[in-house]
Protein chains: 2
Amino acid sequence: MTEPRWLNADERRAWLALVSINTLLPAALDTKLHAAGKLSLFDYTVLAMLSEAEDRFLPMSELAARSSASLSRLSHVVTKLQKRGWVERRPHPHDARVTTAHLTEEGMATIVGLAPGHVEDVRDLFLDALTEQDVLDLARIGEKVVGRLDTDHWILREN
Amino acid sequence: MTEPRWLNADERRAWLALVSINTLLPAALDTKLHAAGKLSLFDYTVLAMLSEAEDRFLPMSELAARSSASLSRLSHVVTKLQKRGWVERRPHPHDARVTTAHLTEEGMATIVGLAPGHVEDVRDLFLDALTEQDVLDLARIGEKVVGRLDTDHWILREN
DNA sequence: GCAGCGTGGTTGATTCTTCAACTAGGTCCC
DNA sequence: GGGACCTAGTTGAAGAATCAACCACGCTGC
């Protein structure tokens, strides 16, 4: 039980900034999205991932991975999105354990309508504060951190 | 209504990494802290802010600012921490609107016991993935983003 | 061909967070 | 000195996240 290595000044700055961003940014985007369409950032992310997937469907576990969520959380949210008519659940044809989540036309229309405003918000709240170099640095550092938190994270997959 | 400026590849990388960190990092630290002492990262942050404050107390609104939370959220959490004997509420002597939250001896003992493990976890899950230059870059970029989200954020105050 | 284990997913209870409504004390200013 | 408005904080209800328990299917080895 040796004395822990406390954070130095720069480490503390980096850590505090990250924790603050972590609470402020999702809160701000949640507010915007809730005003625009009564959904949360997580709801939006789920719809976005489906809209970018081939044929607009994904197995629940793949969708969970792409939205960095637990299967349980995703299951509850998909139930909610289903009630709004934006997503459908279907059994997988070849593996009866698997459920696939499909984006409906209505769901697609919703995200198409929301996306431009959301991108503007992301720029407004976040990217516009940064130079091109900052963006590059952040992408590099961010991916390192993601790799440490989850070695197989999908955003690190080749291509 | 002009065509929105979609994210370019690097912007997208930076954004996706940040969103992923945002869900993975607190989840991992919550799990660790919950195992160590049945508290969340936010609970820990509140205790930590009090422990670093002069005389170990702060007005609710200042504590809310330092933990990036709404007053409402803080109020509920302080009620919980109070029930565990870690925090006390007292009226402010000169302004009857203000409530101050005080860290008890028991609360101090709790955070002193938890801190070394928590710092190790922060290194383990996050800082150890980064070089010294990364830490500097992240501190710089992080503070820019915080400034954009909240101009008067406390971490930007000239001490 | 069936026992045992791992995978994929759902559910309900508990805990947390947010939101809107409200109390109450302070400040401005006429 | 009395409105009007602002600041600080609390509360209860509603919606969201987590956790543990659980079911069903598939694979493996015998």
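Letters A, B, ... mirror the listed sequences (proteins, then strands); counts begin at 1.
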To the nearest Å, how far apart are B:His94 NE2 and C:dT27 P? 13 Å
Passes side-chain hydrogen bond (donor to acceptor under 3.5 Å, both in side chains), B:Thr110 versus B:Trp86? Steps please. CA-CA 8 Å; B:Thr110 300; B:Trp86 293 339; 3.1 Å; yes
Does B:His102 reach the side chain of B:Val87, with side-chain heavy atoms less than 4.5 Å apart? no
Starting at the 5' end of DNA chain D, which residue's closest nucleotide do you reach first, B:Thr100 or B:His34? B:Thr100
Rounded to the Å, how far apart are A:Lys80 NZ and C:dG12 C1'? 18 Å
To the nearest angstrom, how far is A:Arg73 atom CZ from C:dT11 atom P? 18 Å
Give one of base, sugar-phosphate or nothing for B:Ser75, where a contact means two heavy atoms less than 4.0 Å apart. base
Might you point out which heavy atoms bring B:Glu11 and A:Leu127 nearest each other, and give the distance in Å? CB-CD1, 4.0 Å
Using the closest heavy atom to pick a nucleotide of DNA chain D for each, name whichever of B:Asp95 or B:Ala27 lands nearer the 5' end. B:Asp95
Taking only side-chain nitrogens and oxygens of A:Arg89, does any of them come within less than 4.0 Å of OP1 or OP2 of C:dT10? yes
In whole Å, what is the span from the CG atom of A:Leu74 to the P atom of D:dA16? 14 Å
Smallest separation among heavy atoms of B:His153 and B:Ala65, with atom names: NE2-O, 4.4 Å
B:Ser61 vs D:dG9: side-chain N/O to OP1/OP2 distance below 4.0 Å: yes
Let's see if you can work this out: which of C:dG25, D:dT18, D:dG9 has an atom nearest to the side-chain heavy atoms of B:Ala96? C:dG25
Whole-Å gap separating P (D:dA17) and CZ (A:Phe42): 7 Å
Measure the distance from NZ on A:Lys38 to P on C:dC19 and round it to the nearest whole Å. 10 Å
Could you please name the option among D:dT11, C:dT10, D:dT18 that lies closest to any side-chain atom of B:His76? D:dT11
Decide whether a cation-pi geometry holds between B:Arg90 and B:Phe57; the criteria are a distance under 6.0 Å from NZ or CZ to the six-membered ring centre and an angle within 45° of the ring axis. no
Just how far, in rounded Å, is P of C:dT7 from CG of A:Leu71? 13 Å
If I take atom CG in residue A:Asp30 and atom P in nucleotide C:dT17, what distance separates them, rounded to the nearest angstrom? 13 Å
Side chain of B:Arg97 only, please: which of D:dA8, D:dT18, D:dT10 is the nearest? D:dA8
By the 4.0 Å heavy-atom rule, please label A:Ser72 as base, sugar-phosphate, or nothing. base
